[in-house]
2 protein chains.
Amino acid sequence: MSALAGDNRLPRYQRLADALRARIVDRSWKPGDRIPSENVIAEQFGVAPGTARQALAALVDEGLLERQHGRGTFVRRPSFDQSLFRFFRFSGAAGERLIPESRILRRSVDVMPSEVARQLGVSEGSEGIAMDRLRLIDGAPILAEQIWLPLPRFQPFLAIDPADIGPLLYPIYDASCEQTVARAEESLTAEAADATLARLLRVARGTPLIVIDRLARDYAGDALEWRRSRGPAERFRYRTEIR
Amino acid sequence: MSALAGDNRLPRYQRLADALRARIVDRSWKPGDRIPSENVIAEQFGVAPGTARQALAALVDEGLLERQHGRGTFVRRPSFDQSLFRFFRFSGAAGERLIPESRILRRSVDVMPSEVARQLGVSEGSEGIAMDRLRLIDGAPILAEQIWLPLPRFQPFLAIDPADIGPLLYPIYDASCEQTVARAEESLTAEAADATLARLLRVARGTPLIVIDRLARDYAGDALEWRRSRGPAERFRYRTEIR
DNA sequence: GAGTGGTCTAGACCACTTC
DNA sequence: AAGTGGTCTAGACCACTCC
């Protein structure tokens with residue numbers, strides 16, 4: 001039986017949640033793993049089952065765990081490479097989801113722009129991997145992306161042949177560099193297409209483009225990837241509910 | 001002691017939550033009201049206090065209730081007239097929130113466009129109140145709004161002198177028409193400014209504008225107001241976190 | 001049938017607000 | 001001091017999944 005660490009003025013279920021979260025952060029429990037049942041956890045930490053439930057519920061709320069009736073509690077596998085669907089309409093005729101194909105136009109190692117370095121939390125002048133990607137549906141370009149990855153953390157990624165890189169990057173980061181994207185912050189605005197983007201996206205110069213900046217982080221909160229995506233506003237619609 | 005209505009196969013806390021929600025929908029409990037304590041509710045409905053807690057927690061989650069330690073449980077007062085802050089940066093030099101002033105350019109009664117009627121859930125050809133508003137900070141226009149309200153529901157609103165209408169409309173709907181906005185659906189895209197909007201917002205023709213459509217509903221889910229707001233994308237930034 | 005999470009009970013004690 | 005919600009306990013029974 002482990003003791004419950006941390007400030008004992010905090011509620012037990014919170015300290016327990018912290019202890020469980022730590023196991024996810026340090027990868028002793030990996031995405032997809034089943035974790036011990038609530039009774040086992042309760043016994044291990046010396047709390048009542050109800051208190052363990054409360055801790056687990058908090059982590060479900062945070063999006064770290066998933067519970068499945070009769071099967072167990074699992075570390076959630078974050079897979080929001082498709083999160084573009086929250087923004088753009090790529091549905092086919094039947095309304096089904098399509099994953100746009102991906103064409104890597106350029107990959108190189110360069111000194112990062114200072115704003116990118118700042119957001120990735122590395123020192124000014126650091127080197128990183130730069131990529132330009134184009135995403136297409138039925139051969140028609142719909143999104144232009146710039147991506148920066150910090151070095152040396154993503155060194156192994158350079159060994160991968162660009163031809164082997166499919167549309168989903170995060171599973172590749174996970175497999176090749178042991179870097180798991182757990183969450184991301186996105187910010188959104190619009191701008192007029194300049195000459196380069198107009199040519200790339202095959203729209204007229206000045207066409208309104210939606211610009212989505214994304215900073216992806218791992219469970220520990222370290223920034224893993226900086227990304228800027230631009231696509232024609234016409235294809236774009238974002239819905240949200242407020243209360 | 002009231003009986004718990006509804007399908008017996010549903011969990012008690014859900015049927016209890018439905019019963020409590022109904023009291024908010026039918027305005028026996030109004031926004032700002034304190035509702036009975038969990039012990040009283042538990043006794044009234046013949047459930048254990050823990051079950052009542054679970055029902056109350058569900059309604060807090062839905063955004064209908066607010067609990068305050070030591071004070072009680074209250075019907076949440078939805079006040080998202082300021083929800084524009086989620087989208088536009090209006091902060092002053094000190095970063096404080098400013099409520100933009102409001103100028104009503106036009107108010108009239110007209111047949112609603114069929115798309116507006118459809119979204120408001122009234123029959124094609126119905127009449128409604130149309131308003132054009134301009135919102136400004138320090139005299140500079142930042143947002144152009146079109147608003148439609150269904151008739152006869154909002155008949156009393158016509159009696160109000162436009163000069164008496166401040167920047168916040170929802171409290172006025174509440175006071176004059178007993179219509180409470182409980183939640184809203186927003187959808188967002190961008191377009192280029194046409195001649196009219198360019199003149200109104202004092203930007204060049206073709207400048208990218210953010211377009212926000214909002215459909216506001218009451219607790220019962222009836223649509224109360226249709227609104228389309230446009231502002232220069234330059235002043236716009238929307239942030240969100242995804243997991 | 002064994003193990004899991006989901007619902008429900010019936011209390012106890014604590015922290016906070018109000019009077 | 002009284003009343004409120006917040007935490008915590010120690011069980012019970014049920015529904016679901018898997019073997």
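Keep in mind it's a predicted model, so treat the numbers as computed, not measured. Any value given below was found using the heavy atoms of this structure, including those in side chains, with hydrogens, waters and symmetry copies removed. Sequence lines set the chain letters: A, B, ... in the order given, protein chains first and strands last, and positions in each chain run from 1.
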Nearest-Å distance for atom pair [atom1]/[atom2], residues [X] and [N]:
| X | N | atom1 | atom2 | answer |
| --- | --- | --- | --- | --- |
| A/E66 | C/dG6 | CD | C1' | 17 Å |
| B/E38 | C/dG11 | CD | P | 15 Å |
| A/L10 | C/dC14 | CG | P | 18 Å |
| A/N39 | C/dG6 | CG | C1' | 13 Å |
| B/Q54 | D/dG6 | CD | P | 14 Å |
| B/F45 | C/dT9 | CZ | C1' | 18 Å |
| A/E43 | D/dC8 | CD | P | 19 Å |
| B/R34 | D/dG5 | CZ | P | 7 Å |

Taking atom CZ as the centre, does A/R243 end up with more than 12 heavy-atom neighbours from other residues, nucleotides or ligands that are less than 6.0 angstrom away? yes
Tell me whether B/Q68 at atom CD has more than 12 heavy atoms from other residues, nucleotides or ligands lying less than 6.0 Å away. yes
Inspect the contact between B/R27 and B/D174 and indicate whether a charged nitrogen and a carboxylate oxygen are less than 4.0 angstrom apart. yes
Are any of the side-chain nitrogens in B/E38 or B/R67 under 4.0 Å away from the carboxylate oxygens of its partner? yes
Closest to side chain of B/Y13, choosing from D/dT9, D/dC8, C/dT7: C/dT7
With under 30° as parallel and over 60° as perpendicular, where do the rings of B/Y238 and A/Y238 fit, or are they tilted in between? tilted
A/R67 side chain near C/dG6 phosphate (N/O to OP1/OP2, under 4.0 Å): yes
If only side-chain N and O atoms of A/T51 are considered, is one of them under 4.0 Å from the OP1 or OP2 phosphate oxygen of D/dT7? no
Hey, which sits more toward the 5' end of DNA chain D by its nearest nucleotide, A/P49 or A/Q14? A/Q14
Residues in contact with DNA chain D, drawn from residues 68-77 of chain B - heavy-atom cutoff 4.0 Å: B/Q68, B/H69, B/G70, B/G72, B/T73
What does B/R53 touch in the nucleic acid at a heavy-atom separation under 4.0 angstrom: a base, only the sugar-phosphate, or nothing? base
Within a strict 4.5 Å, meaning less than it, do heavy atoms of the B/R227 and B/E186 side chains meet? no
Check against side-chain hydrogen bond (donor to acceptor under 3.5 Å, both in side chains), B/S229 and B/R135: CA-CA 10 Å; B/S229 311; B/R135 310 205 59 177; over 6 Å; no
